[in-house]
Amino acid sequence: MSGGALAGDTAGASAQTADGWRSRWGRLYLQSEGIRGWCLSAPALFVVIAALAVPIGLLVLFSFWTQDYVDIDTTLTLNNYQTIADRTIYLTVFARSVGISGLVTLLTVLLAYPLAYYVAFDVTRHKMVWLVLITLPFWTSYLLRVFAWKIILGYDGVINSGLAWLGVIDEPLSFLLYNPFAVILTLAHAWAAFAILPIYVSLEKIDRSLLEAATDLGDGPLRRFWRVTFPLSMPGVIAAAIVIFIPTVGDYVTPTLVGGPSGLMIANLIQTQFSKANDWPLGAALSIASMVTVTLIACLFVWFSKRATEKIA
Amino acid sequence: MSTQATGMPSGAAAATDPSRFIDIQQVTKRFGASVVAVDAVSLQIARGEFFSLLGASGCGKTTLLRMLAGFEAPSEGEILIDGQPMAAVAAHRRPTNMVFQSYAIFPHLNVGQNIAYGLRKEKLSKADLRRRVDEALEMIKLSGYASRGADQLSGGQRQRVALARALVRRPKVLLLDEPLGALDKKLREEMQIELRQLQEQLGITFVFVTHDQEEALTMSDRIAVMSAGHVLQVDDPHTLYERPTCAEVAAFIGSMNFLKGRVRGRENGQAVVEAEGLGTITAEAVAGDLAEGAAVLLAIRPEKMAIADTAERAPAGAVEGRIAAANYLGDRSHYYVNLPGVEKPVAVAAQNVDRETEGWLQSGAPVWLSWQAKGPILLPAE
């Protein structure tokens, strides 16, 4: 101790070690990128592990167990997966879910692209207003919007009463609601902004001189779009498609409310297993099976669209 | 030409005056109600010429180039290329190609695909396409780079690819929008020489936009100096530097000393001028006929002046001044000399050939200035 004026040797020493520990830690923190990264991501990591990894792990475990009336038999078997493969209802509903989501994705991206293109290229002033307007429907709850579609498409809903009033139809059209069409329409509307925004961002990022270069090199507007604009907006399209496809396959609210029996989707079946049927292991197996399949489809889609983009150019 | 006077026949076969290969006639471009980017500009560019548009940013040079490319339409006036009016020709059908300032290399394509981009319409066989791309790569000394990604190129390489991509289409006119601006000094100088050689080899008309006067002087056959939407002077580099026709051009190209003066008479076709600081001298009037008594500007380049440390070493007629500042640049020195009755110090550039005998000149020292007989030129006062 060089100071010597401090009250006691021990107190001084402990104060110094605390100080030293802190400064040493501080130095380490600043020097090591790894430590910094772990510290900064720790809170998020904790949530992801506790709220995502652990439940999924449990789900996987459950899927290898079997429901034995009131008890759960914890011997590991593949029986649940065997059941899924045997009973065609699961495959049918799952195929329908994928079909409906695929159509929703296609429809949403097709409808969103022109709007995103317009805002990115032709709106010069008040872009922000446009973007806010696009997200405006999302200021109300998802449920409310689904109910709104019920009111529009319903037996004595807006469309039917409107058409009746105009004298176009004598009795209400019954094919509007409670079928896959209603599910597709409702989902496409619900997810529109999630398609518009990523596509808009990818279009907005395109250097305008690239478009001029394409023109300069002899491409008319359509060919230029196909050879430069579209391939360069592909990341946005892929992002939009993934963001819409994955959650809509597992959507449960919309098919419940507007789907009817023919619009039932896989999430409805899973929900039944966990509630009315009270077969958690089978529900878990269904969840895992659909999760894995959706992941595979998404990966395949990304791989395929990347290849396709390269081909175009 | 008589064939031209009767109007162009439908085909392009009619011979056009080669000195009017690009004919810009009274072209004006307005943006909105108040901005006039290009104001009634007329220019003729000859076939095979390396022509530069030189000016500070915002002078309208890029707008003019973009009108040649077809990205902007003139508000008034007409542009003809090889005798064909361009007004109704869309940008993608024009016989021009452009090298963009940002190079605009397609990021989703590799080098070979970038170069082949503009050849789609020619419907070449795979082998021919490959050959054309390889030739282009060889021309820009990037053979073997065809499969490189656009993001794996350095700035200089991107610039070359942009050049090859435009030239591979064999355009009648190559438009270059400050293509060397983003390169470092050494690379820029190399590219200046290469570009010039390429242009001479190919014989394609180059229209080159730059704000760098040295670049324009090095490369061009002729230069149009632009300012505020107008063309101030069109001449070959030599004339532009030695005989500028207005103070703005004189000041923009190189450095120039301006002294106020008044015309006192004429002598052997030269004007006799009383100039501040220099006394009564003779000078050549470049622009306009200057009447006796007219207020003029006497312009003289720093390197046309000589500096001496004693009256004996200076030629007769030298004027005495005092050095305000001296900058040593190695091969030469720049002196700023205060002359009696002159507001701004006069700049003198002297080669440091034999400074040991000529004497080192320090700030504050008295000096004697003289000038070459053909050095001073007269310009109309603003």
Side-chain angles (χ1 to χ4, degrees), chain A residues 109 113 116-117 120-127 198-242 301-313, chain B residues 31-32 62 65-72 89-123 136 147 149-150 158 161-171 173-179 182:
Chain A
V109 169
Y113 201 100
Y117 187 92
F121 286 104
D122 294 330
V123 176
T124 47
R125 280 187 294 169
H126 309 306
K127 260 190 191 176
I199 297 174
Y200 163 78
V201 169
S202 68
L203 286 170
E204 179 68 26
K205 267 199 320 204
I206 296 175
D207 181 357
R208 298 305 187 261
S209 67
L210 294 175
L211 305 183
E212 286 186 345
T215 306
D216 189 65
L217 294 166
D219 278 355
L222 273 179
R223 199 162 291 278
R224 178 185 74 188
F225 172 80
W226 188 237
R227 292 178 81 196
V228 177
T229 315
F230 183 66
L232 289 178
S233 69
M234 213 49 200
V237 173
I238 293 176
I242 294 293
F301 169 75
V302 171
W303 176 81
F304 178 76
S305 43
K306 285 218 167 119
R307 282 294 301 273
T309 322
E310 280 165 25
K311 272 272 157 56
I312 296 171
Chain B
F31 291 107
T62 298
L65 194 79
R66 290 173 59 80
M67 285 194 279
L68 286 174
F71 298 140
E72 311 279 356
V89 183
H92 66 281
R93 297 187 198 282
R94 292 204 180 187
T96 59
N97 277 116
M98 185 136 157
V99 177
F100 291 82
Q101 187 169 16
S102 61
Y103 311 143
I105 304 291
F106 299 119
H108 58 302
L109 304 179
N110 65 28
V111 169
Q113 289 167 326
N114 260 286
I115 292 174
Y117 190 97
L119 294 175
R120 187 191 56 84
K121 279 217 175 108
E122 297 191 19
K123 301 215 172 3
S147 54
R158 295 170 76 84
V161 172
L163 188 67
R165 188 179 65 179
L167 284 174
V168 79
R169 281 170 51 89
R170 297 172 184 157
V173 179
L174 186 73
L175 308 169
L176 302 106
D177 186 8
E178 307 222 14

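Chain A is the first sequence line, chain B the second, and so forth, proteins listed ahead of strands; every chain is numbered from 1.
Using a 4.5 Å cut-off between heavy atoms, B/A90 does not touch chain A at all. In this structure, chain B has heavy atoms under 4.5 Å from both the backbone and the side chain of A/D219. For B/L175, no part lies under 4.5 angstrom from a heavy atom of chain A.
Around the NZ atom of A/K205, the shell of radius 6.0 Å holds no more than 12 heavy atoms that belong to other residues, nucleotides or ligands. Within 6.0 Å of NZ on A/K306 lie no more than 12 heavy atoms contributed by other residues, nucleotides or ligands.
Considering all non-hydrogen atoms of both residues, A/D216 and B/N97 come closest at O-ND2, 2.8 Å. Heavy atoms only, all atoms of each residue included: A/G218 and B/R120 are closest at O-NH2, 4.4 Å. Closest approach of B/H108 and A/L232 over heavy atoms only: ND1-CD2, 3.5 Å.
The CG atom of B/L109 sits 8.0 Å away from atom CZ of A/R227, with the distance rounded to the nearest 0.5 Å. Rounded to the nearest 0.5 Å, atoms CZ (A/R208) and OG (B/S102) are 12.5 Å apart.
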| query | Run the side chain to side chain contact (heavy atoms under 4.5 Å, CB included) check on B/R66 and A/E212 step by step: do they pass? | reply | CA-CA 10 Å; B/R66 290 173 59 80; A/E212 286 186 345; 2.5 Å; yes
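Residues that satisfy the side chain to side chain contact (heavy atoms under 4.5 Å, CB included) test with A/A213, not counting sequence neighbours, are B/F100, B/A104, B/F106, B/R165.
By number of non-hydrogen pairs under 4.5 angstrom with chain A, the leading residue of B/P107, B/A166, B/A162 is B/P107.
Between the side chain of B/R169 and the main chain of A/L217, a donor-acceptor pair closer than 3.5 Å is present.
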